[in-house]
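Chain letters run A, B, ... following the sequence lines, proteins first and then strands; every chain starts at 1.
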Amino acid sequence: MWGVLAIVVLIGSYTASAVWVARHSMQDLSEEQSDTVVIRLAHSIADRRIQAAFEQMADEYEALHPGVRVDIQAIPRRAYQQWVTTQCLGKTVPDIVQAESKWDLWSSLAARYMVPLSSQVNQPNPYNQGGELEGVPWRSTYVDGMQGGYWPHLTEYFSVPITTETVRIFYNKDLFVEATGSDMPPEDLAGWFEICNHLNGLGDVRGQKLSPIAGSREVMYRVVMDRYYRAICNGMGDVFDACYWGSNRPEQALYGRYTGTWTFDHPRVRDAFEVVKQIAGYCQPGFAGSDNSQARFLFLQGKAAMIMGSARDAAIYMAMADFEVGVFDFPMPSPEHPVLGKYGARPPAETGGNAIHFCVSRQSKNTEQALDFLMFMSSQSINERFNETVAWYPAIRGAESRPELRAFKPNIGGVSGRVMPLTVAPGVDLWFQQQFPRYLDGQMSFEDLSSGLDRLWLEKGADDFVRRDQIYAGILTQAEYNIANAKSKMLFAEAGELKSGALIGERTAYQLAIEVNELLRFGITSRAYTWYQLQKGSYPYP
Amino acid sequence: MITRGLVSLLLAGSLVGMPWQSVEAEEGPGERRVSVQPVLGDVVGLAALTSDRQQADTHAEVFRAAWQAHRRGSSPDAISLFQSVLDSETTNEAERVQAMYGLATVWTFGVTPDRERAKALLTQIVQEHAGNPAAPWALLELGRLHAGATPEACEAERGIYQRVLDEYPDSVAIHEATVRLAGSYYSELDPEKVSRATAMLESHLKAYPDNPLSSVMHFRLMYWYQEVDRDYERGLEHSITLGKMKMADPARWGQHMWNTAQVYLLRKNNPTEALRWYKRIVGEAPNDRMVGDARQMIEQLEAQSDQSTQPGGE
């Protein structure tokens, strides 16, 4: 199956590349002969409605800039990442590309092929002139301070988000009324489970299978588990966080396992897992083998009353459902909950999360124009109009969302999730992804799952931990480049201006780059030293 | 049958050896740009950092083009331009140094890196232009290029950083030299060398408390004392100082203030001071991911404080 998929992806990617190169080779020739500045933007969103909305934005921009043409192209999602990679290698990459992630291969692509935007983000967006955001630094115009465009491991802004992506729960209001007499969403976790029980009862009355939730493996693992684990177990990591850095660092779990001072077989962890298991119990049978599209089908058919999704799914449901659709946030246990109330669970913070975001290619012959178009897309009025059209949640402060999407407003002030990390890629993570569905459907007990995690952290955790620092060491080259770049300006007037506050904060790019470099180096060194001392038995933990 | 592994290999192999580059969007969109009030920023730090700055004489335009070519990733163009300055008969001493330094930079970070060429150029700067303000910085780069995993490489690297400290005590390069020298000692996982690194940073901060890299030094010490030595008392001193000068990246402020608050609360049993630092997160880093946690802690501590001040309370 994987081989067939690989062939499909490869063929799709090369076909798209060949069409792209052929088409644009001919266009390049004619453009060289004209004065038209052409900006090409590629994205992976297959929806024609979205493509039309992008083209509408392009038309508006072209009207403001005679002599500029913006060409929007959708590339099949399955082939998109390979396609972008191929274009970068072949030096035919569009001026603007959507980045599907800030991690993994995308991180390498950004570092090597995309323009760092940090020097721009403190400038005002000129397309906000005349409005309430006039003169406001570009990054401060964002709901989350443009954290979605900041790539922390590269210490640069590399992308421009145009939407805010959060996950919520869509629900079939008609089924809710039929089952409970009300179309109001639940106020807390217990209320949610009560509604689910009513929905199960409704299915029995109807004599047909009705699942309270249309679930999928990916959503259960990446969204539900992450959310409730962080909410319920927030703060558990504090005692193991030797430097009180407030983040769930993988080494904490490794050190804890190594010293025997931490086990995943902990009542609070168990309680978090039990919540997720209970949610899974309300999903359709065999959900662990379902992908998102299958879950979506169930929901639209009215065979499941709820489904998790982002604002990008809202337009689909609202257009295609023949029932009224509502949205609510993941309910938290109330303080009065007999088991979970004592944990004071709060929703996790949603800052800098996944969003549709775009990078400017270094190979672009029209870097300034490309950047200008991104500023246009992220201006308040345009961003509001675009997101209103496509029914997504805007990224810019003051840009109004559709009323039905207000539930997607990010929880900026949620909890960070100071938890003991469950996995670290890929050794432990791979095992957990395989076993977690078995736990959810009752094939594996929590004791077996937690003891498996305990064991895997010792067997594979150290390797994962070392591998992760090898990746960080690879990022050091970019950090050293940034230092060298800043130093050249310190030493030679012709190399450019070194300014205070030109990037982030009020220091110079040199000081920022040294800080980043030291953060990376120091983390690698201190982890190596601590691990070494732990193994010698000379490091007290926690 | 094409396997996932082959696809991955194709993709991974295609990315190996690609140059590390950066391109600056030099000025941004032209006529639509709104004028911005200048950010005052760290004016003192900037003045110190640019105290070694030099300006070209007759080859200014060539240099500008060369640096821009380098940042665009056009290494052959950059090399050609820098080399043209070296080959010119009208090049003065400062321009010669800039050309060599620029070439060394391109050979280090350009499309086809050549560390030996870079080292040779930097060595030439140090040997033939020892009095030029860029010489200590060339020495710093040389040290960095000598870094390696073996003890011999570490010693070579450190020896060069030490030369910066010994031969150029008045250059602002001594601060980075100290940071890198300490870093080299820390990296060897040897308690004796670690102590030397810590002592070095402490004494440098005593001698130069307001140096442009002092926040980095305080951060290093804070982190090491707390994370590795578990000496929270010593770490707290640096954490408090860092709280006044702040880290360079505002995205780190919340994390650092959280650290200080937690140390006060969990190690010093001082909820009053802890509360102050939690409140700083909310006030000074409102978008930080630690804001929600800080608010939660403020609520808890204020509730505890209310209970303890109520008549009959504990």
Would the B:Y186 and A:F522 ring centres measure less than 6.0 Å apart? yes
Classify the angle between the aromatic ring planes of B:F219 and B:Y223 as parallel (below 30°), tilted (30 to 60°) or perpendicular (above 60°). perpendicular
Can the ring centres of B:Y232 and A:Y244 be said to be less than 6.0 Å apart? yes
A:E480/B:R144 ion pair, N-O < 4.0 Å: yes
Look at B:G292, B:G183, B:G102 and state which one has the largest set of heavy-atom pairs under 4.5 Å with chain A. B:G292
Check each atom of A:P542 against the heavy atoms of chain B and say whether the ones under 4.5 Å are side chain, backbone, both or neither. backbone
To the nearest 0.5 angstrom, please state how far the OG atom of A:S361 sits from the NZ atom of A:K91. 10.5 Å
Considering only heavy atoms from C-beta outward, does the side chain of A:Y539 approach that of A:W531 to under 4.5 Å? no
Can you tell me which of B:E188, B:H256, B:M245 forms the most heavy-atom pairs within a distance under 4.5 Å of chain A? B:M245
Which class fits the ring pair B:H70 and A:Y481: parallel under 30°, tilted 30 to 60°, perpendicular over 60°? tilted
Does any backbone or side-chain atom of B:S215 lie under 4.5 Å from a heavy atom of chain A? Answer side chain, backbone, both or neither. side chain
Side chain proximity check, B:R230 to A:Y541, heavy atoms < 4.5 angstrom: yes
Which atoms of A:Y529 are under 4.5 Å from chain B, going by heavy atoms: the side chain, the backbone, both sets, or neither? both
Shorter than 4.5 Å, heavy atoms on both sides: which option in B:Q226, B:Q262, B:Q98, B:R295 has the most such pairs with chain A? B:Q98
Could you tell me which portion of A:N517 (side chain, backbone, both or neither) has an atom closer than 4.5 angstrom to a non-hydrogen atom of chain B? side chain
At a heavy-atom distance under 4.5 Å, which candidate from A:P347, A:C88, A:A495 has the highest pair count against chain B? A:A495
Between B:W137 and chain A, which part of the residue has a heavy atom less than 4.5 Å away: side chain, backbone, both or neither? side chain
Which bit of A:Y532 is near chain B, if near means a heavy-atom gap under 4.5 Å: side chain, backbone, both or neither? side chain
In the structure I gave you, are the side-chain heavy atoms of B:M217 and B:N211 within less than 4.5 Å of one another anywhere? yes
Relative to chain A, which of B:T260, B:V291, B:N259 shows the most heavy atom pairs under 4.5 Å? B:N259
Please classify the contact of A:F376 with chain B as side chain, backbone, both or neither, using a heavy-atom distance under 4.5 Å. neither
Just so I understand: if I count every heavy-atom pair under 4.5 Å between each of A:E494, A:Q363, A:Q369 and chain B, which residue has the most? A:E494
What part of A:A242 lies closer than 4.5 angstrom to a heavy atom of chain B: side chain, backbone, both or neither? both
Side chain, backbone, both or neither of A:P540 within contact of chain B (heavy atoms, under 4.5 Å): both
Under 4.5 Å heavy-atom distance to chain A, tell me which part of B:D229 shows up: side chain, backbone, both or neither. neither
Between chain B and each of A:I412, A:T530, A:L498, A:I483, count heavy-atom pairs under 4.5 Å; write down the option with the most. A:L498
Which of parallel (below 30°), tilted (30 to 60°) and perpendicular (above 60°) describes B:F82 and B:F63? tilted
4.5 Å side-chain heavy-atom contact, A:M146 and A:Y157: yes
Toward chain A, the part of B:V194 with a non-hydrogen atom under 4.5 Å: side chain
Verdict with supporting geometry, B:W277 and B:Y264, side chain to side chain contact (heavy atoms under 4.5 Å, CB included): CA-CA 9 Å; B:W277 284 88; B:Y264 269 119; 3.6 Å; yes
Atom group of B:E299 that falls short of 4.5 Å from chain A, counting heavy atoms: side chain
Does any heavy atom of chain A fall under 4.5 Å from the side chain of B:R220, the backbone, both, or neither of them? both
Interface moiety of A:R521 toward chain B, non-hydrogen atoms closer than 4.5 Å: both
Which bit of A:V360 is near chain B, if near means a heavy-atom gap under 4.5 Å: side chain, backbone, both or neither? neither
Tell me, for A:N234 versus chain B, whether the close heavy atoms (under 4.5 Å) come from the side chain, the backbone, both or neither. side chain
Leading residue by heavy atom contact count with chain A [cutoff under 4.5 Å; candidates B:R267, B:Q255, B:E141]: B:Q255
Please report the interatomic distance CG(B:L46) to CE(A:M490), rounded to the nearest 0.5 Å. 9.5 Å
Would you call A:R527-B:E227 a salt bridge at under 4.0 Å N-O? no
